[in-house]
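When a ligand or atom number is given, it counts from 1 through the structure's own listing order.
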Amino acid sequence: VGCEIAGIKGVQRLMHENTATALAYGIFKDIRKEFTKDKPTNVMFIDFGCTSYSVSICAFEPGKLTVKSSHFDQELGGRDFDLLIATWLAGEFEAKYKGKLSGKPAERPKTMNKLIAAAEKAKKTLSPAGVKEARINLECLMDDLDFGTTLKADKYEEMCAPLLARLEGPVKRALEEASLQASDLVSVEIVGGSTRIGCVKRTLAGILGLDASATNNGLSSTMNADEAVSR
Ligand SMILES: Nc1ncnc2c1ncn2[C@@H]1O[C@H](COP(=O)(O)OP(=O)(O)OP(=O)(O)O)[C@@H](O)[C@H]1O
Ligand SMILES: [Mg+2]
């Protein structure tokens with residue numbers, strides 16, 4: 001039904017997003033004969049998007065792809081980071097205009113929408129390593145009042161800690177189900193917009209025991225983060 005709504009006709013088969021990513025990764029490597037028969041090439045794929053987080057492990061052999069395990073947190077995504085920042089902003093705004101507001105900013109949909117949009121922008125500003133702060137300016141946020149503040153990188157990471165803590169579970173479970181150690185992985189491929197977040201990359205590298213000082217914290221982004229699934 002979804003395909004009909006999207007105007008795609010003659011659908012033969014549906015494929016899981018992680019499988020699609022794995023196929024896109026393997027197809028040219030297979031043609032270039034990079035896989036061997038006696039020792040499967042184990043690759044972990046991590047997709048961290050807007051609404052969900054998934055980890056899967058695939059084994060590549062010549063002409064063959066096996067999905068060994070797949071684990072998710074379907075309630076964890078980039079929008080949770082936005083909401084976290086937006087809620088913090090709402091609190092700061094309320095504290096600044098204590099008692100002068102006509103209601104709670106968090107209960108005003110229009111105000112929250114503005115805050116969430118500003119939060120996503122600030123989140124993206126804070127993604128690259130070395131950025132120390134993000135400036136946030138909102139005109140007429142509520143009751144015709146303007147609001148401006150700065151979110152420091154340290155504060156942001158401290159706020160994100162509960163979300164970052166949830167990255168480990170699916171990685172551990174995926175390794176367990178595939179009966180593999182992190183060291184058995186030839187590569188860890190990251191896709192999805194939220195893998196650009198600096199502290200997400202660092203946390204993942206920590207969980208997998210990768211060299212945090214390497215480019216991209218030892219994670220591999222040979223795939224196009226936004227298009228890998230649809231290639
Ligand atoms: N530079 C960046 N820094 C931080 N987050 C980013 C950056 N660029 C994009 N994002 C976030 O990535 C998310 C979108 O990623 P993506 O396009 O992979 O999601 P999706 O595939 O639509 O969602 P899902 O697969 O979770 O249903 C958004 O939450 C967006 O804010
Ligand atoms: Mg996605």
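The atoms of ligand 1 that sit less than 4.0 Å from any heavy atom of S127 are 2 (C), 3 (N), 4 (C). Listed by atom number, the atoms of ligand 1 under 4.0 Å from I197 heavy atoms are 4 (C), 5 (N). Those atoms of ligand 1 with a heavy atom of K123 less than 4.0 angstrom away are 4 (C), 5 (N), 11 (C), 29 (O), 30 (C), 31 (O). Per-residue contacts place C50 under 4.0 angstrom from the following atoms of ligand 1 (heavy atoms of the residue considered): 13 (C), 14 (C), 15 (O), 19 (O), 20 (P), 23 (O), 24 (P), 26 (O), 28 (C), 29 (O). Proximity to S52 (heavy-atom distance under 4.0 Å) selects the following atoms of ligand 1: 26 (O). For ligand 1, the atoms lying closer than 4.0 Å to a non-hydrogen atom of G78 are 29 (O).
Checked by atom type and distance alone, the side chain of K172 never pairs as donor or acceptor with a backbone atom of I207 at under 3.5 Å.
Distances between N or O atoms of D82 and those of ligand 1 include no value under 3.5 Å. When only interatomic distances are considered, the shortest N/O to N/O separation between E17 and ligand 1 does not fall below 3.5 Å. Residue contacts with ligand 1: T51 is placed with a nitrogen or oxygen under 3.5 Å of a nitrogen or oxygen of the ligand (distance criterion only). In terms of polar-atom proximity, K124 is not counted as a contact of ligand 1, lacking any N or O under 3.5 Å from an N or O of the ligand. Remark: ligand 1 and G192 share no N or O pair separated by less than 3.5 Å (distance only, no angle test).
Assignment of G77 to the shell around ligand 1 is not supported, since no heavy atom sits closer than 4.0 Å.
When all heavy atoms of T125 and E133 are compared, the pair lying nearest together is CG2-O, 4.3 Å. S102 approaches R108 most closely through the heavy-atom pair OG-NH2, 3.1 Å.
A cation-pi geometry, defined here as NZ or CZ lying under 6.0 Å from the six-membered ring centre and within 45° of its normal, does not hold between K64 and F60.
At a threshold of 4.5 Å between non-hydrogen side-chain atoms, the residues E75 and R166 count as touching. When side chains are defined from C-beta on, D146 does not count as touching L138, because their heavy atoms never get closer than 4.5 Å.
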Exercise for the section: Could you please spell out the steps behind the side-chain contact (heavy atoms from CB on, under 4.5 Å) verdict for N217 and L210? Expected result: CA-CA 7 Å; N217 305 91; L210 301 170; over 6 Å; no
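With ring centers used as reference points, F45 lies 6.0 Å or more from H71.
Here atom 16 (P) of ligand 1 lies nearest to G193 when heavy atoms of P128, A119, A122, G193 are compared.
Residues E177 and K68 are not paired through a salt bridge, judged by the lack of any N-O separation under 4.0 Å between the basic side chain and the carboxylate.
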